[in-house]
Amino acid sequence: MSRDHVQPTGRPAAASLTGAETPFLELLARGASADAYEQPVLLARAEGRPTEEIVALEQAKLLALGVRSELEGRRRREAELSALFETAHDLAGLRDLDAVLQAIVQRARSLLGTDVAYLSLNDPARGDTYMRVTEGSVAARFQQLRLGMGEGLGGLVAQTARPYVTDDYFKDDRFQHTLAIDAGVRDEGLVAILGVPLTLGHHVIGVLFAADRRARVFEREQIALLGSFAALAAAAIDTANLLSETRSALADLERANEIIRDRSGVIERASDVHDRLAQLVLHGGGVHDVAAAVSEVLDGTVEFTEAAGVPAAALEASRAEGHAVRHGGDWVAAVVAGGELLGALVLRGQPGLDPVDQSTLERAATVTSLLLLARRSAAEAEQRVRGELLDDLLDARDRDPRLLRERASRLHADLDARHVVLAARLDAVAADAEQEADARRRLWSAASHLAATRHGLAAARDGGTVLLLPLTGDDTATALARRTARHLGTAVHEAVTVGASAPVEDLAAHPDAVAAAYEEGRRCLEALRLLGRPGDGAAAEDFGFLGLLLAGDRDVTGFVTRTIGPVVAYDRRRGTDLLRTLDAYFACGMSPARTKDDLHVHVNTVAQRLERVGRLLGDDWQSPARALEIQLALRLHRLSAPAQR
């Protein structure tokens, strides 16, 4: 066949291929491999066919291979377009970003025919890029890689926003190799790597990769295809971010609407309680009416409680902060007036309290303090009357029993009942006269309030306060004195010492008994001071005849130290029981036999202890004069110890 029969394109003329193209058309029809197209030519040569026929077969083979290549290209482009279309369809119905990115990586790997495909995203906070999705990867270290900007092929793509390809990664010195990246790539066994950037506008947000575990040259069409998948991946990420922001904004709006609805309800409740409290104040309601109204609004149980009935830590925290505080499952709002702690409003069974409801409870506490102040103002006149009556009883000015009973009855006091006279005094020393006067006023106010609630009387006298309180049931003067000391101390936030008289009766007929009982209470108060027991309470019955001896400024501590100090010191150093043995010895009539039974020890032990006492106190310690002093010192030492509350 001559050159005249070949077209300018280099392809043989169709007229010269008559009959020669038939076997190749069959090969095209059944999609045979490229190697199969050599068989017709080889067979013709083997059969010794004419040269013209063999040349025609060669030209037909070239034409058939060209058609085959075109068909394969079209099929490949059709598959690529189909994959891109499916990916775009997935993106349009985006529900799960991870699933869409996984599909993109899977299709890229399939169409490019690579061993591995993966996608990394940039981390602006850390300034690097991290592995997000992998397909075909088997190495855990590779799947957890993080690449710094400019490190490795992926870091270079992320930094420059340009695609990069290498047919042998470890021999390519264009990239900055690091131990961590190279170790991950080596674990995965990758050799040829193609990376294209994921871009949104002018910003690179990550890299899409295709890689093989053998040397390979990626064609331009493959690079373009991977770039198309990268564009879809970037669009998917952007869409997912927008959807996430939209969902977040919708959730925020929903939460805002819920808060607004909730706030609206809370504000309505606050307005309701404000109106109720105002009506209570205007109509002369009491503290417990306020608590009941707030209970309805807050849907809980609110009670007014005296300071002594509230946990001290919670009460002091509320007082210091000026707000209601949580205590376990309750809320405590201190009721304070002029720095004085009057009690608290306690909301029970509401561990979670809305801030506005908390403010409602605090407002109710303020209203309660105002009501208490108003009631106190009204009560102060009554207190003055009570004080005047007690002053008259102390000074024995009015000896008409009928008149005394009438005055007491108007104050809800019963002078025919058993009473105890209590002398109370602050123990702290004020910095100046003004502070001392203020402290005394607070003590008198607290004592007057206590007397009014107990149907008693109170008056300021001798730098302290005197109270006349009824004694009921099995109560004792000692117990009443100690309770009063605790109550007044809590009310004024300082130690208050209280001395009480023995019970007295029929005061209307014998008003002079009040003055005598007051002197007895003062002697008990002085005894407590001398014994170093500030803030305590005691009655005459606690001291017996010693109460008379302790009046004045006698040096009790010095007397005890001089008399039995060596024994006290010995017990303290050695942990012995010499003082206890002495007490038992004198209580048993100075009989060692009875002493050993009382102490439940051997008589020799008693003898050894008494011998030790003799060495400490001197040989004459059992003489009548010394024995009396020692017994008195033992009694004083025992009394000076803190009382068991």
Side-chain angles (χ1 to χ4, degrees), residues 382-426 440 443-452 454-472 475-485 488 496-530 537-554:
E382 179 184 331
Q383 291 169 1
R384 283 193 294 272
V385 175
R386 289 178 184 275
E388 290 170 359
L389 176 57
L390 183 53
D391 280 334
D392 288 345
L393 289 171
L394 289 169
D395 298 333
R397 292 173 183 168
D398 193 340
R399 296 183 179 276
D400 185 346
R402 182 184 59 80
L403 185 56
L404 288 174
R405 286 190 180 94
E406 287 180 1
R407 293 174 63 186
S409 178
R410 288 195 294 269
L411 299 171
H412 305 288
D414 181 8
L415 294 182
D416 293 326
R418 295 171 69 235
H419 284 76
V420 173
V421 179
L422 303 107
R425 188 170 61 190
L426 292 166
R440 289 180 179 179
L443 176 60
W444 174 79
S445 177
S448 299
H449 178 68
L450 175 62
R454 291 289 309 275
H455 304 294
L457 304 174
R461 180 164 288 221
D462 300 325
T465 301
V466 56
L467 297 95
L468 180 67
L469 298 179
L471 197 63
T472 60
D475 205 2
T476 64
T478 299
L480 181 59
R482 289 176 177 169
R483 285 201 308 274
T484 303
L488 296 179
V496 177
T497 306
V498 176
S501 70
V504 291
E505 299 183 57
D506 199 11
L507 299 180
H510 305 93
D512 53 342
V514 177
Y518 173 54
E519 290 303 322
E520 188 177 20
R522 288 184 64 193
R523 285 196 298 273
C524 292
L525 175 64
E526 185 67 14
L528 288 172
R529 186 184 69 82
L530 291 172
E541 62 193 32
D542 297 321
F543 298 100
F545 77 94
L546 290 176
L548 299 174
L549 300 178
L550 292 170
D553 295 323
R554 294 175 177 83

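As the structure is a prediction and not an experimental result, all values here were calculated from the model.
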Before giving the answer on side-chain contact (heavy atoms from CB on, under 4.5 Å), spell out for Leu443 and Leu488 the whole-Å C-alpha distance, their side-chain angles and the decisive distance to 0.1 Å. CA-CA 7 Å; Leu443 176 60; Leu488 296 179; 4.1 Å; yes
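- Within the model, atoms CG of Leu426 and OG1 of Thr465 stand 7.5 Å from one another, a figure rounded to the nearest 0.5 Å.
- With Ser501 contributing its side chain and Val421 its backbone, the two residues share a donor-acceptor pair below 3.5 Å.
- Side-chain contact between Leu457 and His419: absent, with no pair of heavy atoms (C-beta onward) separated by less than 4.5 Å.
- The side-chain heavy atoms of Val498 and Leu525, taken from C-beta on, include no pair separated by under 4.5 Å.
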Carefully, step by step, assess Leu467 and Arg454 under the rule side-chain contact (heavy atoms from CB on, under 4.5 Å). CA-CA 11 Å; Leu467 297 95; Arg454 291 289 309 275; over 6 Å; no
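- Checking Arg522, Arg425, Arg440 one by one against Asp462, the salt bridge (charged side-chain N to carboxylate O under 4.0 Å, His left out) holds for a single residue, Arg522.
- Listed here is the closest heavy atom pair of Cys524 and Gly499: CB-CA, 3.9 Å.
- Looking at Glu526 and Arg529, a side-chain N of the basic residue comes within less than 4.0 Å of a carboxylate O on the acidic one, giving a salt bridge.
- The distance from atom OG1 of Thr478 to atom CZ of Arg483, rounded to the nearest 0.5 Å, is 11.0 Å.
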Apply side-chain contact (heavy atoms from CB on, under 4.5 Å) to Asp506 and Asp416, showing your working. CA-CA 5 Å; Asp506 199 11; Asp416 293 326; 3.7 Å; yes
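- Between Val496 and Ala424, the shortest heavy-atom contact is CG1-CB, 4.1 Å.
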